[in-house]
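In this text, all values refer to a predicted model and were calculated from it rather than measured experimentally. All chains are named by letter (A, B, ...) in the order of the sequence lines, taking the proteins before the strands, and each is independently numbered beginning at 1.
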Amino acid sequence: MPPKKRSRVGGKAGSSGEDGQHKSSSVAGKKRKSEESSPDPPQYARWLMKSEPESRFENGIDVKFGIEDLKALPEQTSCWDGVRNYQARNFMRQMKEGQLAFFYHSNCKEPGIAGLMKIVKEAYVDHTQFDKKDVHYDASSKPDNPKWSMVDVQYQRMMKRFLPLSELKSLHLQHRAEGGPLKDVALFTRARLSVQPLTAEEFDFILSLEDEEPL
DNA sequence: GCCAACGTTGGC
DNA sequence: GCCAACGTTGGC
């Protein structure tokens, strides 16, 4: 889930092409409009990206990468490598320079939204897929047709207060029952996705929570 | 550490 | 192309 380390900007630009396809559901000959398909995916402009702020060793490598680690890098910028899920990858490929993303701390003592970052480089090839030493090496991906992409992100700021998952969850449940902006938020409806889109309404509502008293 | 949810893989 | 087995995510 978490992406991880790596210092600042990584390789060269370019995004690799193609997209894999992932769900299908399409009928032969017919087009399936609503969602899915690559032609025109809904346009999202705000994101939530998960990473683990506490040490955890995978194949002997520490995958820890919290918001403080991002902040400490040169230019407070890092590539977001290691995403190995097609939906998460496809969302990264939709990201545009300048868009904002919440930095979410997962798999830790206190999960929740820690801060804000900005997309500073659009999707390009994640080089770690070819690195046998890397935790996220993917033997099935070939350099002439890379499977995985990453973006570069830059630290913007910490939230004025940490927004715990527990609080977001009670709001989600409340909104689901009575209506409200977090009714369908991906954090709970697509819990395992490490890169998620947020509607403007969801994003703005979550941002407004930092000025509220903790629940 | 447990385990539910869900994505991926591979046999058929 | 189905679906059971398996692997991963991530809260608790």
Side-chain angles (χ1 to χ4, degrees), chain A residues 1-5 18-30 32 35-38 41 47-70 80-94 101-115 117 126 128-142 145-150 153 159 162-176 182-198 202 206 209 214-215:
Chain A
M1 10 290 65
K4 70 220 61 20
K5 64 357 192 53
E18 265 50 280
D19 82 317
Q21 237 64 340
H22 355 336
K23 24 193 18 160
S24 44
S25 78
S26 44
V27 174
K30 259 159 171 188
R32 243 305 111 119
E35 39 228 6
E36 219 37 44
S37 299
S38 359
W47 313 93
L48 179 147
M49 301 169 83
K50 301 179 181 178
S51 188
E52 303 185 39
E54 294 173 6
S55 283
R56 186 172 64 81
F57 291 85
E58 223 176 297
N59 304 335
I61 296 163
D62 192 356
V63 298
K64 169 184 187 295
F65 188 77
I67 194 165
E68 299 292 351
D69 298 302
L70 174 61
W80 202 265
D81 61 308
V83 171
R84 297 292 181 268
N85 168 281
Y86 289 112
Q87 287 191 45
R89 179 203 69 178
N90 292 344
F91 283 131
M92 284 202 298
R93 289 181 177 181
Q94 292 177 41
F102 287 122
F103 193 125
Y104 177 89
H105 281 172
S106 72
N107 205 13
C108 57
K109 207 79 62 74
E110 203 181 12
I113 294 174
M117 53 192 173
D126 177 349
T128 66
Q129 66 198 300
F130 307 122
D131 179 359
K132 294 193 168 72
K133 303 292 189 315
D134 195 276
V135 185
H136 299 285
Y137 170 65
D138 182 355
S140 73
S141 181
K142 302 299 174 210
N145 188 19
K147 282 190 182 174
W148 307 110
S149 301
M150 61 186 182
V153 296
M159 301 310 285
F162 182 83
L163 303 177
L165 178 66
S166 57
E167 180 174 340
L168 297 167
K169 185 164 192 179
S170 4
L171 290 165
H172 162 66
L173 292 174
Q174 186 185 322
H175 291 186
R176 206 175 59 181
L182 299 191
K183 173 164 66 75
D184 297 316
V185 73
L187 192 55
F188 304 105
T189 59
R190 332 268 344 260
R192 298 179 42 201
L193 247 198
S194 67
V195 176
Q196 324 186 334
L198 291 165
E202 290 166 343
I206 291 171
L209 294 176
L215 271 196

Return the value, rounded to whole Å, for the distance between atom NZ of A/K64 and atom P of C/dG10. 18 Å

Separation of B/dT8 atom P from A/W148 atom CH2, nearest Å, is 7 Å

Separation of A/M49 atom CE from C/dG10 atom P, in whole Å? 13 Å

If each of A/N107 and A/S140 is mapped to the nucleotide of DNA chain B with the nearest heavy atom, which maps nearer the 5' terminus, i.e. the 5' end? A/N107

Is it true that atom NZ of A/K147 has more than 12 heavy atoms of other residues, nucleotides or ligands lying nearer than 6.0 Å? yes

Side-chain contact, heavy-atom cut-off 4.5 Å: A/R89 with A/W148? yes

What is the distance, rounded to the nearest whole Å, between atom CD of A/Q87 and atom C1' of B/dA5? 14 Å

From CZ of A/R192 across to P of C/dG7 the rounded distance in Å is 14 Å

With a non-hydrogen cut-off below 4.0 angstrom, is A/K169 in contact with a base, only sugar-phosphate, or nothing? sugar-phosphate

Just call it for A/F188: base, sugar-phosphate, or nothing, with non-hydrogen atoms closer than 4.0 Å on any strand. nothing

Round to the nearest Å and state the distance from A/K147 atom NZ to B/dG7 atom P. 17 Å

Measure from CZ on A/R89 to P on B/dG7 and round the result to the nearest Å. 15 Å

Parallel, tilted or perpendicular for A/F103 and A/W80, by the 30°/60° rule? perpendicular

What is the distance from NZ of A/K50 to C1' of B/dC6, rounded to the nearest Å? 12 Å

Look at A/Y104 and C/dG11 and indicate whether a side-chain polar atom (N or O) is within less than 4.0 Å of OP1 or OP2. yes

Could you tell me whether the side chain of A/D62 and the main chain of A/F57 form a donor-acceptor pair under 3.5 Å? no

